[in-house]
Colleague: 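One structure is given below, represented as structure tokens, and several questions about it will come after.
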Amino acid sequence: MEKSRKTNTADAYAVQCGKCFKWRLIPTKEQFEDIRQNFIDDPWACDKNPNVSCDDPGDIEYDTRNVWVIDKPNLPKPPSGVERLLIMRSDYSKMDVNYVMPNGKKLRSSVEVEKFLEAHPEYKDKYSLADFSFTTPKIPPEMIPKDIEPKVPSVRKKQKTKDSQSISEV
DNA sequence: GCCACCGGTGGC
DNA sequence: GCCACCGGTGGC
């Protein structure tokens, strides 16, 4: 996923084809969430779209012209009426997950979800804890803009090679 | 007074 | 060492 400097949230979503490894843009967040929730059992491929094949050029390149963040596969899709927000810290150190409930309340952890459901029994048959995941994507070090100052100069963070690609929000 | 944002840490 | 979680607070 690529983040807009303005909104601090993803402004595009892309999935990588399991066969040709090209990246294809997914038009909406909800479609992206649909693909993501079953990604391991049902990996995505270009021909999932009747009008697209691996012979077609990719929609977007994985490079530093955008800030890419690789999402975890198989996150539960937010139930209807609930939106999952993924917010980038201004220093690109990490991301935060918030769930926006139908009444506008934002939840920051599973514990808060639990409390919310207790406090609002009317939602209890509609939503369950399993619908929520606060797992955050990793930010590949090369995606951190060059003009961002490293956080604590005294502490060196070690770079990590991250395997995968698979799913990504841009 | 709220809430978006950030820093710190406990537990794994 | 990582990351899910939460307390604090500055700016509105």
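Below, read A as the first sequence line, B as the second, and so on, with proteins coming before strands; counting in each chain starts at 1.
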Colleague: Can A:Lys22 and A:Asp56 be counted as an ion pair, charged N to O under 4.0 angstrom?
Modeller: no

Colleague: Thinking salt bridges, do A:Asp91 and A:Arg89 make one under a 4.0 Å N-O criterion?
Modeller: no

Colleague: Would you indicate what A:Val97 reaches in the nucleic acid, counting non-hydrogen atoms under 4.0 angstrom: base, sugar-phosphate, or nothing?
Modeller: nothing

Colleague: Once you round it to whole Å, what is the distance between P of C:dG1 and CD1 of A:Ile139?
Modeller: 19 Å

Colleague: Of the candidate nucleotides B:dC6, B:dG7, C:dA4, which contains the atom at the shortest distance from the side chain of A:Thr135?
Modeller: C:dA4

Colleague: So which one's nearest nucleotide on DNA chain C is more toward 5', A:Arg108 or A:Thr136?
Modeller: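 Checking each residue's closest nucleotide, the 5'-ward one belongs to A:Thr136.
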
Colleague: Could you tell me the separation between the CE atom of A:Met95 and the C1' atom of B:dC6, rounded to a whole number of Å?
Modeller: 15 Å

Colleague: Contact class for A:Lys106 vs. all strands (heavy atom < 4.0 Å): base, sugar-phosphate, or nothing?
Modeller: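 It contacts sugar-phosphate atoms only.
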
Colleague: Establish, with yes or no, whether the OP1 or OP2 oxygen of C:dC5 is under 4.0 angstrom from a side-chain nitrogen or oxygen of A:Ser110.
Modeller: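 So the side chain of A:Ser110 is within the cut-off, an N or O lying under 4.0 Å from OP1 or OP2 of C:dC5.
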
Colleague: Taking atom C1' of C:dC5 as reference, at what distance in whole Å does atom CD of A:Glu114 sit?
Modeller: 13 Å

Colleague: Measure from the side-chain heavy atoms of A:Ser109 and tell me the nearest of C:dC5, B:dG7, C:dC2.
Modeller: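 Nearest listed nucleotide: C:dC5.
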
Colleague: Starting at CG of A:Asn8 and ending at P of B:dA4, how long is that distance when rounded to a whole Å?
Modeller: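 Spelled out: CG on A:Asn8 to P on B:dA4 is 12 Å.
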
Colleague: Using whole Å, report how far CG of A:Asp91 lies from C1' of B:dG8.
Modeller: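 That distance rounds to 14 Å.
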
Colleague: Can you check the A:Asn98 CG to B:dC5 P distance for me, whole Å?
Modeller: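 One finds 9 Å between P of B:dC5 and CG of A:Asn98, rounded.
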
Colleague: Rounded to the nearest 0.5 Å, what separation is found between the CG atom of A:Asp131 and the NZ atom of A:Lys77?
Modeller: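 One finds 11.5 Å between CG of A:Asp131 and NZ of A:Lys77.
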
Colleague: Going by the ring pair (Phe, Tyr, Trp, His ring centres under 6.0 Å) test, name the single residue among A:Phe116, A:Tyr99, A:Phe132 that passes it with A:Tyr123.
Modeller: A:Phe116

Colleague: Side-chain donor or acceptor of A:Lys94 under 3.5 Å from a matching atom on the base of B:dG8?
Modeller: yes

Colleague: Between C1' on C:dA4 and CD1 on A:Ile87, what's the gap in Å once rounded to a whole number?
Modeller: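 The distance from CD1 of A:Ile87 to C1' of C:dA4 comes to 15 Å, rounded to the nearest Å.
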
Colleague: Where the side chain of A:Arg89 is defined as all heavy atoms beyond and including C-beta, which of C:dC2, B:dC5, B:dG7 is the nearest nucleotide?
Modeller: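 It is B:dG7.
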
Colleague: Could you tell me how far apart A:Leu107 (CG) and C:dC5 (C1') are, to the nearest whole angstrom?
Modeller: 13 Å

Colleague: Look up atom CD1 in A:Ile35 and atom CZ in A:Arg24, then write down how far apart they are to the nearest 0.5 Å.
Modeller: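 Result: 12.0 Å between the selected atoms.
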
